[in-house]
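Structure, as structure tokens:
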2 protein chains.
Amino acid sequence: MDDRTTKSRIRDAAIHRFGEVGFERATIREIAADADVSPGLVLHHFGSKAGLREACDEHVVASFGASRAEMVETGTTDPFATLAALREEEPHLRYLMRALRDGSPAAARLFDEVVRESEAMTALGVEAGILRPSEHPHDQAVLLVAWQFGALALAEHMARGFGVEPFSDEMTARVGRAALEVLSHGVFADTRYEDAWRRLDEAADVTPADAAEGESE
Amino acid sequence: MDDRTTKSRIRDAAIHRFGEVGFERATIREIAADADVSPGLVLHHFGSKAGLREACDEHVVASFGASRAEMVETGTTDPFATLAALREEEPHLRYLMRALRDGSPAAARLFDEVVRESEAMTALGVEAGILRPSEHPHDQAVLLVAWQFGALALAEHMARGFGVEPFSDEMTARVGRAALEVLSHGVFADTRYEDAWRRLDEAADVTPADAAEGESE
DNA sequence: TAAACTATTGAACATGCGTTCAATGTCAGA
DNA sequence: TCTGACATTGAACGCATGTTCAATAGTTTA
């Protein structure tokens with residue numbers, strides 16, 4: 001027995017399928033079978049496959065929004081607690097991972113939201129003396145979110161590299177440890193590369209301000 | 001006039017299409033049209049769509065292998081020179097990006113190869129005093145490659161975050177600058193998080209050696 | 001009770017796809 | 001010139017898919 005409404009059962013089955021095999025490969029017939037309904041009913045409730053995707057997007061994004069809002073309230077500032085908390089909702093996480101890879105609009109929305117929040121939280125961390133101030137806080141936020149989401153999207157490959165199961169506790173631990181080391185000390189022994197880059201930068205006059213237009217080519 | 005052989009023309013058209021829209025969405029008919037041949041000829045040369053993918057995989061992986069081998073010979077040790085060099089072959093880069101997102105076997109192969117090479121190059125860098133020695137060199141290599149490839153896979157989102165075009169010089173510059181800052185200094189002001197994690201680590205006894213099996217659950 | 005509306009089904013439809021295949025063209029070698 | 005192998009075409013086939021639709025069951029409303 002399943003006390004959820006039929007519509008939400010279909011949506012959850014779709015989230016699961018989409019997350020597992022991607023939007024393209026997932027078929028309405030399979031989703032309907034998973035939810036123990038006929039294919040026709042899926043279309044009755046969601047209009048089309050695209051409509052079904054939108055409903056899933058909305059639900060997952062809202063769900064993550066809620067848990068992020070909770071973290072903001074409790075005042076969590078570091079990104080790894082976030083990652084750990086995300087693991088609680090594995091189907092949604094898989095869905096998000098797929099959405100990122102599929103290039104779904106929802107993933108783009110979520111990416112931008114998280115960048116914005118990450119930038120704000122970083123500012124708080126800097127004030128609190130926990131985080132090192134960056135010369136380009138926005139760029140850094142974009143990069144760190146891309147790394148975090150990117151690692152999520154490539155979880156399968158990382159797991160293989162570690163020799164563990166994707167989405168296992170083992171994996172979270174290994175990723176967390178390695179990431180903390182890098183994010184605490186960096187990987188370069190000194191700043192020779194950074195200095196070199198900065199000189200190139202100043203010569204080419206690439207500043208965030210006039211970033212919108214490309215003057216070469 | 002195109003002096004390449006018809007077969008390689010088809011393969012290059014396929015690499016382009018696969019890279020642009022992904023393996024699933026790309027159709028043999030479109031690829032054939034791009035290469036100015038009939039759909040039948042594509043199958044005549046490559047047997048099936050999967051065979052065509054394999055041929056593309058092999059070609060792209062080999063191409064990247066060649067340019068990486070060249071970098072090893074010239075003794076380049078830092079990952080950003082690699083990124084810059086990759087930009088020269090944009091279609092192949094787009095293909096690789098898609099392959100990573102699609103979960104193609106070729107992408108897995110390449111990922112593992114690059115991890116291995118990255119680990120070796122990092123060891124060289126440490127010896128040379130350029131790179132900081134890591135406590136878990138393999139884990140660090142996996143993480144850094146995942147970040148690098150992940151950022152590549154999410155190039156579209158990063159570009160939007162920066163307000164620039166994907167695969168533009170502008171974008172390379174911004175990513176490089178932000179990455180160098182993080183990889184030179186880290187983001188944490190001190191090691192309090194790392195220390196806390198290490199204590200958790202020792203308590204749970206999570207070591208790389210017995211990483212293969214999960215004892216909980 | 002009757003009517004209207006919603007949930008649900010199963011079959012059918014249309015389309016686009018990968019693939020097959022017989023036919024034709026092309027060209028090197030006997 | 002004849003022949004065989006290969007390149008190439010275009011039409012057709014079969015299949016899986018998203019979608020439509022009339023019909024049925026169930027539930028609410030007047």
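Letters A, B, ... are given to chains in the order of the sequence lines, protein chains preceding strands, and every chain is numbered from 1.
With D/dT19, C/dA7, C/dT19 as the choices, the nucleotide that has an atom nearest any side-chain atom of A/Ile28 turns out to be D/dT19. For B/Leu43, the side-chain atoms get nearest to C/dT20 when compared with the rest of D/dT9, D/dT19, C/dT20. Side chain of A/Leu41, nearest nucleotide from D/dA7, C/dA7, D/dG10: C/dA7. Residue B/Lys49 has its side chain nearest to C/dT19 when only C/dT9, C/dT19, D/dT8 are considered. Each of D/dT19, D/dT8, C/dT9 was ranked by its minimum atom distance to the side chain of A/Val37; first place goes to C/dT9.
In this model, the phosphate group of D/dA7 is not approached by any side-chain N or O of B/Thr6 to a distance below 4.0 Å at OP1 or OP2. OP1 or OP2 of C/dA7 has at least one side-chain nitrogen or oxygen of A/His44 nearer than 4.0 Å. Contact between the side-chain N/O atoms of B/His45 and the OP1/OP2 oxygens of D/dT8 is found at a separation under 4.0 Å.
As a whole-Å value, the separation of A/Arg9 CZ from C/dT8 P is 8 Å. Remark: P of C/dA7 and CD1 of A/Ile10 are 11 Å apart, rounded to the nearest angstrom. Rounded to a whole Å, the CD atom of B/Glu30 is 12 Å from the P atom of C/dG16. When rounded to the nearest whole Å, the span between CD1 of A/Ile31 and P of D/dA16 equals 18 Å.
Not a single donor-acceptor pair under 3.5 Å links the side chain of B/His157 to the backbone N or O of A/Ala107. No donor-acceptor distance shorter than 3.5 angstrom exists from the side chain of A/Arg29 to the backbone of A/Pro39, with no hydrogens or angles considered. In terms of modelled atom types and a separation under 3.5 Å, the side chain of A/Lys7 and the main chain of A/Phe46 share no donor-acceptor contact.
Judged by distance alone, with hydrogens and angles left aside, A/Arg29 brings a side-chain donor or acceptor within reach of the base of D/dG18, the pair sitting under 3.5 Å.
Nucleic acid contact for B/Ala32: none, since no nucleic acid atom lies under 4.0 Å from a heavy atom of the residue. Across all strands, A/Thr27 comes closer than 4.0 Å only to sugar-phosphate atoms, never to a base (heavy-atom distances).
B/Tyr193 and B/Phe188 have tilted rings, their planes meeting at an angle from 30° to 60° on a 0 to 90° scale. In this pair, B/His59 and B/His92 present their aromatic rings perpendicular. The plane angle is above 60°, beyond the 30 to 60° band.
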